Every structure is written in structure tokens, then in C-alpha cells.
Participant: 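Below is a structure I'd like to ask you about.
Note that this is a predicted model, so its numbers are computed, not measured. Along the sequence shown, the residues carry numbers beginning at 1. Order of appearance sets the numbers: ligands from 1, and atoms from 1 within every ligand. Side chains included, hydrogens not; waters and symmetry mates left out as well; all remaining heavy atoms used.
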Amino acid sequence: MYLSKEEERILNGEFGEGKRKALEILLAIGKIYDADRLMPIKSAHISGVSYNNIGDAGLDFLREFSVEAKVSVKATLNPGGVDPSRWQEMGIDEDFTRKQMEVVNVFRRMGVETTLTCTPYLVGNTPSKGDHIAWGESSAVAYANSVLGAMTNRESGISALAAAIIGKTPRYGMHVKEERVPKVRVKLKVKLREPSDFGALGYIISKKIGGEVPWIEGIKNAGIEELKMLSASIATYTGLPIFHIPGITAEWRDFDVPREVVEIDDIDMKDAYEYLSESFDGIDLVWIGCPHTTVEELRKIARLLEGKSVKTELWITTSRRVRQEAEKLGYIKIIGGAGAKVICDTCVVVAPLKGKFKTLVTNSAKACYYCRGVNNFMVKVANLEKCIEAALKGIWIE
Ligand code: F3S
């Protein structure tokens, strides 16, 4: 890999041990992926924040790193394992909460903005088309590449942190335009009506075309809510960091329409919902907010809950910034008045909730995947209205 004079000096330790270590990490990754050089980035988004996932070993590593290392570009943080103001209501112990706070403080000391959200693009980390960035969190990576047209590989927590410290990332993969080319034309013969349909679409695409970059035709309108749901689901089920939708995503004019065609119809959509939904009646938890909700989603939830009371746990996960905006608009009071919880800084997947609930209803295909696999929950996926109805009734009625 080509190294600039300055990079050689960093590697010689002239700028401290923290920078030297961070550069070594980037060079090791660059070597694996055959990168030709490092390139400057506009921002980083760092995953691997939950103490539930990183444990004491991860915390010790970060502590050591933080002694000398500081980030040199805008860097935001993915959710941690607990909302520190609601740990008791979440059934999480004090010791875990203390350790999680320590993890967050270590990142803060390094200069990372402690946004604690998987939707950094809703809280000020908003790169433009063509910007090179180094983001972790697969749903945010797919959103950044596809919707914003920024360029990022799917970074791990440690590689995103190293990139934030050096302000550069190895040039390979999604940083190269040719790697972003759509390969299969996906024609939708079914109308997508709800964000949850966009989540189901990610699952269908994984079944029909696997890991080929899709060019998805037949979507006329899609807002942030729909696109974040599709980004999360495509990244989860196909592992892809990018998709294109003509007329909607950032780079659709930059590529030719692929020749290979695959169609998706209403039977595929019905099959997807069947796959995503298991059979049960009693509901322990209804979860909205994977990825973290927008203010608009909180508005809709407040409208559906106004003057009513939930009969089961209803958790809505979002960023602290979005919660504050929704609070000013009165939505949080209405939602809280109905007995639901608006939880910040974490989510049902990265919090230590394994085995704490048996059955879950959600509007997110990504949540379905991880709550089954990581938390051992039985899961149903439905649209937002049905999820709220389920929370109000406390049981599932077909
Ligand atoms: Fe975000 Fe957690 Fe879902 S980090 S994308 S809410 S699994």
C-alpha cells in the first residue's frame, strides 16, 4: 500500500501510540482487501458500543486506546446496551448500566459524539453524494451508500474508530465506483404500501438474487421511513451495502439498467410475511424503532395511541435528539400516557434482553431476524397500525 510521508511518520510513532495503533489497524485491513492507499473521510460512525457485545475485554481495549487517541473527523456512535434513564424499567441491572456508561464515556473522551443511534443521518451526520466516509452499522451503511450516495464499506467498530482517529480509510470496495454497479433488475409487480413492506422486500430480494446489487423498479414514492427499513433489511438478509431505486436513490443516473431481470409479485410478498411471522396469540412485547424512529413515526404512534392504554409492553426506540424534538411537539406525553415506553440510546437487539420476553410483534424485518437469532424470541412482523393494535389488545388477532 502506498504511504504518504505523514503516514510513514505516524507509523514511526512520531504522533503518539494511539495514532500509530490506529494506522496499523487500517493498514492491516487495507492489505487484506488489496487497497492501493488510504483516502480521507468526511465522517465515521462507530458500532460495537453495547457492553452486552463487547464485554470487559472490549472496555479494557477502548480504555487503553483512549489514553492517547482522539478522533480527527466527525464521529458518531451506534446504540449502547441500555437507556441510562430507564434501566430499571428495561429490567437491566445497575452494574451493567454503570459499565455501559463507562464505555460511552471512553468514546466521549476520544471526541466521539455520543449520539447512540443507528440513524446518524437523522442527528447531524449527513454526508453528501460522493463523500467518502467510514461507517459501521449495516443499516446505516446501506442508507448512506444508497440513499445519500456517500461511499463507505461496512466497517466494524474498531475499523471505524481507527478511521476516525486517522481521518482516512483504505480505498477498496464501496469507495470505488465500479464496485457499486447494479447487477440485477428487480421489477416489482406488487405495490409497497407500508415501511414494513419495504422490510419484507429486503428478505425477498435475498431469496431471489442473493448478494447481487439490485436495481429496484416499481417504487414511485419512498420517504426516510421506508428507505431506512429497506436499508436495514437488505443489509441483514443479503449482506449488501448498497441498492439502487430509479428516481429515488442518489446514484441511479450514474449506471446502466442491468440486463438480468427478476420479478417480485404479491405472492412473494405474502410468502415473506409468512416467513417473518410465527404462530402465537399472547404478546409479551411490541417493538417499533428498528432502525431508530423518526419524529414522523412518533407522530403516527401518538395519533394511534391518543386516549388509549396498552395492555402489553410497547417499546419505541429512538435517538435522544429525535425524542427531544418529539417531546416539544407533545408526542412523547401522549405515548407515555398510553403506557408505552420511548427508549433512547439502545434497542431490543443490543440490550441484554435474551430470554426476558418470549413473543415479540414488530414492524421491522431486521428486528425479526435478530430477535429470533440473538434473543430467542418468537416473532411476528406487521405494519405499524397492526403493531399498535396488538399492543392495545395484548393479544394477536388475525
Ligand atoms: Fe438499530 Fe438495533 Fe435495529 S441498532 S437497526 S434498532 S437492531
Participant: Closer than 2.8 Å to atom 3 (Fe) of ligand 1: does that hold for any N, O or S atom in His292?
Facilitator: no
Participant: Counting only heavy atoms, which portion of Cys347 has something under 4.0 Å from ligand 1: side chain, backbone, both, or neither?
Facilitator: side chain
Participant: Under 4.0 Å between a side-chain nitrogen and a carboxylate oxygen: does that hold for Arg320 and Asp83?
Facilitator: yes
Participant: Under a 4.0 Å N-O cut-off, is there an ion pair linking Arg321 with Glu325?
Facilitator: no
Participant: Output yes when Glu17 and Lys21 qualify as a salt bridge under the 4.0 Å nitrogen-oxygen rule, no when they do not.
Facilitator: no
Participant: Suppose we call two aromatic rings close when their centres sit under 6.0 Å apart. Are Phe357 and Trp287 close by that rule?
Facilitator: no
Participant: Going by heavy atoms, is Ser47 under 4.0 Å from ligand 1?
Facilitator: no
Participant: Does ligand 1 have any atom sitting under 4.0 Å from a heavy atom of Ala232?
Facilitator: no
Participant: Could you list the atoms of ligand 1 found under 4.0 angstrom from a heavy atom of Ser139?
Facilitator: 5 (S)
Participant: Looking at atom 3 (Fe) of ligand 1, what's its closest protein heavy atom, distance included?
Facilitator: Cys290 SG, 2.4 Å
Participant: Test Tyr370 against Asn375 for side-chain contact (heavy atoms from CB on, under 4.5 Å), laying out the working first.
Facilitator: CA-CA 7 Å; Tyr370 285 102; Asn375 287 349; over 6 Å; no
Participant: Using side-chain contact (heavy atoms from CB on, under 4.5 Å), reason through Phe15 and Arg20 one step at a time and then give a plain yes or no.
Facilitator: CA-CA 7 Å; Phe15 296 93; Arg20 193 191 63 72; over 6 Å; no
Participant: Check each atom of ligand 1 against the heavy atoms of Gly289 and keep those under 4.0 Å away; list them by number with element.
Facilitator: 6 (S)
Participant: Could you tell me which atoms of ligand 1, counted from 1 in the order shown, lie closer than 4.0 angstrom to a heavy atom of Lys366?
Facilitator: 5 (S), 7 (S)
Participant: Going by the atom numbers of ligand 1, which of them fall below 4.0 Å from some non-hydrogen atom of Pro79?
Facilitator: 4 (S)
Participant: Could you check whether any side-chain heavy atom of Val73 comes within less than 4.5 Å of a side-chain heavy atom of Ile133, counting everything from C-beta outward?
Facilitator: no
Participant: Taking the non-hydrogen atoms of Ala367, is any one of them nearer than 4.0 angstrom to ligand 1?
Facilitator: no
Participant: In plain terms, say whether Lys300 and Glu297 are close enough for a salt bridge, that is, a side-chain N and a carboxylate O under 4.0 Å apart.
Facilitator: no
Participant: What atoms of ligand 1 come closer than 4.0 angstrom to any heavy atom of Val349?
Facilitator: 7 (S)
Participant: For atom 1 (Fe) of ligand 1, what's the nearest protein heavy atom and its distance?
Facilitator: Cys118 SG, 2.3 Å
